[in-house]
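For reference, the structure is listed below as structure tokens.
Quick note on labels: first sequence line is chain A, next is B, and so on, each numbered from 1.
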Amino acid sequence: MYRTHTCGELRPENIGKEVILAGWVQRVRDLGAMSFIDLRDRYGITQLVADENTSEEVKKTLEELGREFVIQVTGTVRERSSRNKNIPTGDIEIEISGLKILSPSAVPPFTIQDDTDGGDDLRMKYRYLDLRRNAVRKNLELRAQMAHAVRSFLTANDFIETETPVLIKSTPEGARDFVVPSRMNPGEFYALPQSPQIFKQLLMVAGFDKYFQIVKCFRDEDLRADRQPEFTQIDCEMSFVEQEDVLNTFEGLTKYAFKEVLNVEVDNFPRMPYTTAMEKYGSDKPDIRFEMLLNDLTEQAKGKGFVVFDSAEYIGGVCAKGCAGYSRKQTDELTNWVKRPQIGAKGLVYVKYNEDGSLKSSVDKFYSPEDLKAWAEKLQAEPGDLMLILSGEKQPTINALGELRLEMGNRLGLRKKGTFKPLWVIDFPLLEWDEETKRFFAMHHPFTSPKPEDISLLDSEPGKVRANAYDLVINGVEIGGGSVRIFDSELQAKMFDILGFTPEQAKAQFGFLMNAFKYGAPPHAGIAFGFDRLVSLFAGLDSIRDVIAFPKNNAGRDVMNDSPAPVSKEQLDELHLQLVKKIK
RNA sequence: GGUGGCGUAGUUCAGUUGGUUAGAAUGCCGGCCUGUCACGCCGGAGGUCGCGAGUUCGAGUCUCGUCGUCACCGCCA
């Protein structure tokens, strides 16, 4: 037996007890005639003590100890003469009678403590050491708790957890696939799934009725703080349901997770049409922790001789509460902020609605106080507020205003981490026009059903057709999305046609699904949550890397094992692969 | 594919207008220390200033390139 207790469990009631502990040396404090050692495992820290009663043999071993040595210690629990209120085991200590080094440690490159001195790069390279730190391990414990909560909720609701293949067929739609060469089938490739989409629909045809899986998905696209090449989804599909059934079920799941894991009660989730989200929040994933809604000023601001506005397709603004006192420096700062290439606005017009009711703007030359008053009314600005106005082409300007709204929300501290405001964004457009290829793409995926009342528009105005598609958004983060699927072969064929597939192409790509639908496909709908994002949201983190045990960097590299890496000539030969040009 | 930030001791950082021998803290090593818990005190070692060119009498500092890393835009049905 390596240990009788963990390093987090001994208390005064154990005093006098003979125990064996094992763990890592957090720190040795050598006071000369006596020494203290903090012994750490994932459960906590227990203080070991050696003094004049300690054997020479133990003392000798003590001298060899360094940080992160793995040791086993035998001893007696005793009361401390000076207690430490900061740790749960702070009332006791272990008087060492036996000490064994199980495994020595090189000096670690950074300190294993909550406020480590290690930078991100270094901690990634030595991820196994970083994971010893409380702060990092706690995120993964939270992740495990959440996975457990999800399983228990969905299992209790009759969902069947089913695994689907990881080696599947590449499809041209959507993100780039990771491809895997097949040794046994020269010149042919598997792809890793971007999601188990088609398989879960087949499970519905199979009559599974309610399916879920916590599953890895893979997308070969450029990364961000909240995007990894491999990530985890809570993937679900249900039969004989309508949109409302799916929304209610997964609203229930989300609330259950909040309650179980964080003990937080969240309000019912509002439903917001996509068009409202775009027009009022400038985003399809609105952060509704604060108001500051976008408002259209095109009508009010046009035709007064200000050439920038007069030539603009759209003029819109937001009202920053209590910011009328902003200095020239602050407004200049905001102007520069919106002019950054990432935001792309040409400039920023501001109107200060002073406490005394007067109005001061950067365009006073063109607008009378009455004009500005009308703006204030539209933006619901009151004395003391600052109105910020952008103009230009409609869509880019709305996007920029949405970004500006979030930035002001940040500056005003309106985006608090512990506050959770989920909502459903619904009625997404079915199709998206791509300028480059001059064709429509499915905004969600090709199996998403149009709203029945919009089906008549499919031929005349495909861009206006709304889908039975929905996203769960929490605090401006897209947590998940899904749709009601098409289960009618004829409608599905029409969709493929609109998406530019010939019947032959459609058959080659999705023939087995269409074939399956011939044998009695139930109406079905589904949803998938980004599990990593959900965990990082619960943890109050901005990067999903912190909730993944071994994440990749933003170039998709694992800096710990230095992958991806070249493979040998023999491996390539076996896979019937030849490199076109030598890299590096 | 693009924009920007960062790269100096094991680590986190400072380094003035381009100017003598590149500093601090922490960690590490040695010594002292009987109640520490961020122990304390004394001493010591530790540097390819990411790499390569260039400008200059002289480059950690300026220029260009390159590599690494982070954030963002494009991209991610």
Side-chain angles (χ1 to χ4, degrees), chain A residues 26-40 45-54 63 66-68 78-87 89-91 93 95 106-126 129 171-177 194-195 197-198 217-229 231 337 340-344 396 399-400 403 428-432 434 436 440-448 467 469 471 478 481-483 495 499 528 530 542-543 545 552-557 559 562 584:
Chain A
Q26 177 75 26
R27 179 173 275 113
V28 179
R29 288 180 296 278
D30 180 3
L31 272 62
M34 69 188 312
S35 290
F36 299 100
I37 299 152
D38 288 339
L39 189 67
R40 186 198 69 234
I45 286 183
T46 299
Q47 176 167 288
L48 316 176
V49 62
D51 55 23
E52 76 272 13
N53 301 319
T54 307
E63 279 172 26
R67 282 159 54 207
E68 302 307 316
R78 75 181 191 197
E79 189 175 10
R80 290 204 201 181
S81 59
S82 58
R83 299 177 173 222
N84 183 348
K85 288 194 169 57
N86 299 321
I87 56 173
T89 61
D91 291 336
E93 64 194 0
E95 190 177 5
V107 175
F110 54 90
T111 57
I112 313 297
Q113 51 193 40
D114 289 355
D115 51 341
T116 181
D117 58 5
D120 291 345
D121 311 6
L122 200 65
R123 284 164 38 219
M124 262 336 150
K125 189 170 174 188
Y126 298 92
L129 294 182
T171 55
E173 291 281 303
R176 292 185 188 89
D177 284 323
Q194 300 171 25
S195 82
Q197 184 59 39
I198 290 175
C217 301
F218 307 85
R219 292 178 192 175
D220 187 8
E221 295 292 343
D222 285 6
L223 308 174
R224 293 287 186 280
D226 63 349
R227 287 193 334 222
Q228 284 275 302
F231 60 98
W337 190 87
R340 295 184 323 153
Q342 285 87 343
I343 306 299
N399 292 343
E403 292 294 337
F428 276 83
L430 182 70
L431 302 162
E432 212 171 10
D434 183 68
E436 244 171 69
F440 280 106
F441 275 86
M443 193 156 177
H444 186 58
H445 58 53
F447 318 112
T448 299
D471 274 1
E478 185 193 327
S483 64
M495 271 299 289
L499 292 171
D542 297 317
S543 173
R545 280 171 221 175
K552 295 184 172 51
N553 75 9
N554 66 0
R557 297 200 69 87
V559 296
D562 198 24
K584 274 178 197 169

Discussion item. List the residues meeting side-chain hydrogen bond (donor to acceptor under 3.5 Å, both in side chains) with D562(A), not counting sequence neighbours, and say none if there are none.
Written reply: R557(A)
Item to complete: Could you check if a side-chain atom of R27(A) sits within less than 4.5 angstrom of a side-chain atom of Q113(A), using non-hydrogen atoms only?
Response: yes
Discussion item. How many whole angstroms separate atom CD of E52(A) from atom P of C33(B)?
Written reply: 15 Å
Between protein and nucleic acid, restricted to nucleotides 1-4 of chain B and to nitrogen or oxygen atoms under 3.5 Å apart, what atom pairs and distances do you find?
{"from": "G1(B)", "atom 1": "O6", "to": "D222(A)", "atom 2": "OD2", "distance (Å)": "3.2"}

Practice prompt. Would you state whether a donor and an acceptor, one from the side chain of R219(A) and one from the base of C76(B), lie under 3.5 Å apart?
Written response: no
Discussion item. Tell me whether the side-chain N/O atoms of R67(A) come closer than 4.0 Å to OP1 or OP2 in C28(B).
Written reply: yes
Discussion item. With rounding to the closest Å, how many angstrom separate the C1' atoms on G68(B) and C29(B)?
Written reply: 31 Å
Discussion item. The criterion is side-chain hydrogen bond (donor to acceptor under 3.5 Å, both in side chains); which residues satisfy it with S35(A), sequence neighbours excluded?
Written reply: D30(A)
Worksheet item: How is T111(A) classified with respect to the nucleic acid when contacts are heavy atoms under 4.0 Å: base, sugar-phosphate, or nothing?
Response: nothing
Item to complete: Quick one: look up who G47(B) pairs with, Watson-Crick or G-U, both distances under 3.5 Å, and put none if it's unpaired.
Response: none
Worksheet item: At under 4.0 Å between heavy atoms, what does R40(A) touch on the DNA or RNA strands: base, sugar-phosphate, or nothing?
Response: nothing
Discussion item. Output the rounded distance in Å from CG (L223(A)) to C1' (C76(B)).
Written reply: 9 Å
Worksheet item: Could you give the CG-to-C1' distance, from D121(A) to C6(B), as a whole number of Å?
Response: 9 Å
Worksheet item: Does any nucleotide pair with U34(B) by Watson-Crick or G-U wobble geometry, both distances under 3.5 Å, and what is it?
Response: none
Worksheet item: Can you find a heavy atom in the side chain of R123(A) that is under 4.5 Å from one in the side chain of T116(A)?
Response: yes
Worksheet item: Just checking F36(A): base, sugar-phosphate only, or nothing, at a heavy-atom cut-off of under 4.0 Å?
Response: base
Discussion item. My understanding is that only residues two or more places apart in sequence, or in another chain, count here; which of them pass side chain to side chain contact (heavy atoms under 4.5 Å, CB included) with A469(A)?
Written reply: F428(A), T448(A), A467(A), S483(A)
Worksheet item: Sequence neighbours excluded, which residues qualify as salt bridge (charged side-chain N to carboxylate O under 4.0 Å, His left out) partners of D222(A)?
Response: none
Practice prompt. With sequence neighbours left out, write down each residue that passes side-chain hydrogen bond (donor to acceptor under 3.5 Å, both in side chains) with N399(A), or none if nothing qualifies.
Written response: Q395(A)
Worksheet entry | Rounded P spacing from U16(B) to U55(B) in Å | 24 Å
Item to complete: May I ask which nucleotide in the shown strands pairs with G10(B), Watson-Crick or G-U wobble, both distances under 3.5 Å?
Response: U26(B)
Worksheet entry | Atom C1', compared across G23(B) and G15(B): separation rounded to whole Å | 7 Å
Worksheet item: Within less than 4.0 Å of OP1 or OP2 of C70(B), is there a side-chain N or O belonging to N553(A)?
Response: yes
Anything under 3.5 Å between a protein N or O and an N or O of nucleotides 38-42 of chain B, put it in a table, one pair a line.
{"from": "C39(B)", "atom 1": "OP1", "to": "R27(A)", "atom 2": "NE", "distance (Å)": "2.5"}
{"from": "C39(B)", "atom 1": "OP2", "to": "R27(A)", "atom 2": "NE", "distance (Å)": "3.1"}
{"from": "C39(B)", "atom 1": "OP2", "to": "R27(A)", "atom 2": "NH1", "distance (Å)": "3.3"}
{"from": "C39(B)", "atom 1": "OP2", "to": "R29(A)", "atom 2": "NH1", "distance (Å)": "3.4"}
{"from": "C39(B)", "atom 1": "N4", "to": "D30(A)", "atom 2": "O", "distance (Å)": "2.6"}

Discussion item. Checking the side chain of Q228(A) only, and the main-chain atoms of K552(A) only, is there a donor and an acceptor separated by less than 3.5 Å?
Written reply: yes
Discussion item. Could you tell me how far G5(B) sits from U63(B) if I compare only their P atoms? Round to whole Å.
Written reply: 11 Å
Worksheet item: side chain to side chain contact (heavy atoms under 4.5 Å, CB included) with R80(A): which residues, sequence neighbours excluded?
Response: Q47(A), R83(A), N84(A), I87(A), E93(A)
Discussion item. Without decimals, in angstroms, what is the distance between E95(A) CD and G35(B) P?
Written reply: 16 Å
Practice prompt. Decide yes or no, distance alone: a donor-acceptor N/O pair under 3.5 angstrom between the base of C70(B) and the side-chain of R545(A).
Written response: no
Discussion item. Classify Q228(A) by what it touches in the nucleic acid, base, sugar-phosphate, or nothing, heavy-atom distance under 4.0 Å.
Written reply: nothing
Worksheet item: Considering Watson-Crick and G-U wobble pairs with both distances under 3.5 Å, what does G60(B) pair with?
Response: none
Discussion item. Please give the distance between the C1' atoms of U11(B) and C57(B) as a whole number of Å.
Written reply: 37 Å
Worksheet item: Could you state the CD-C1' distance from E93(A) to U34(B), rounded to the nearest angstrom?
Response: 12 Å
Worksheet item: Do R340(A) side-chain and G5(B) base share a donor-acceptor contact under 3.5 Å?
Response: no
Practice prompt. Test side chain to side chain contact (heavy atoms under 4.5 Å, CB included) on L499(A) and L431(A) and set out the steps.
Written response: CA-CA 9 Å; L499(A) 292 171; L431(A) 302 162; 3.7 Å; yes
Worksheet item: Within this structure, what is the CE-to-P distance between M124(A) and G68(B), rounded to whole angstrom?
Response: 17 Å
Worksheet item: NA contact type, V49(A), heavy-atom cut-off 4.0 Å: base, sugar-phosphate, or nothing?
Response: nothing
Worksheet item: If you look at every heavy atom in D471(A) and G482(A), which pair is closest and at what distance?
Response: OD1-N, 4.4 Å
Nucleotide N/O of nucleotides 12-15 of chain B paired with protein N/O under 3.5 Å:
{"from": "U12(B)", "atom 1": "OP1", "to": "G119(A)", "atom 2": "N", "distance (Å)": "3.0"}
{"from": "U12(B)", "atom 1": "O4'", "to": "D117(A)", "atom 2": "O", "distance (Å)": "3.3"}

Practice prompt. Could you tell me the separation between the CG atom of L129(A) and the C1' atom of G10(B), rounded to a whole number of Å?
Written response: 13 Å
Discussion item. Q26(A): which residues meet the side-chain hydrogen bond (donor to acceptor under 3.5 Å, both in side chains) condition with it, sequence neighbours left out?
Written reply: R40(A)
Discussion item. Looking only at the side chain of R227(A) (C-beta and beyond, no hydrogens), which of the listed nucleotides C75(B), C28(B), C70(B) gets closest?
Written reply: C75(B)
Fill in: Closest-nucleotide ordering on RNA chain B, the 5'-leading residue of E432(A) and S543(A)
S543(A)
Discussion item. Rounding to an integer number of angstrom, what distance separates G44(B) and G50(B) when you compare their P atoms?
Written reply: 28 Å
Worksheet item: Who passes salt bridge (charged side-chain N to carboxylate O under 4.0 Å, His left out) against E432(A), sequence neighbours left out?
Response: none
Discussion item. With rounding to the closest Å, how many angstrom separate the C1' atoms on C39(B) and C49(B)?
Written reply: 35 Å
Item to complete: Take the protein atom CD1 of I112(A) and the nucleotide atom P of U11(B), then report the distance between them rounded to whole Å.
Response: 14 Å
Worksheet entry | Set of residues satisfying ring pair (Phe, Tyr, Trp, His ring centres under 6.0 Å) with respect to F440(A), sequence neighbours excluded | W433(A)
Fill in: Working for side chain to side chain contact (heavy atoms under 4.5 Å, CB included), residues E68(A) and L129(A)
CA-CA 10 Å; E68(A) 302 307 316; L129(A) 294 182; 5.6 Å; no
Worksheet item: Heavy atoms under 4.0 Å, any strand shown: does Q113(A) hit a base, just sugar-phosphate, or nothing?
Response: nothing
Item to complete: Could you measure between the two C1' atoms, the one in G27(B) and the one in G35(B), and give it in whole Å?
Response: 25 Å
Item to complete: Look through every strand shown and name the nucleotide pairing with U3(B) as Watson-Crick or G-U wobble, where both distances are under 3.5 Å.
Response: A71(B)
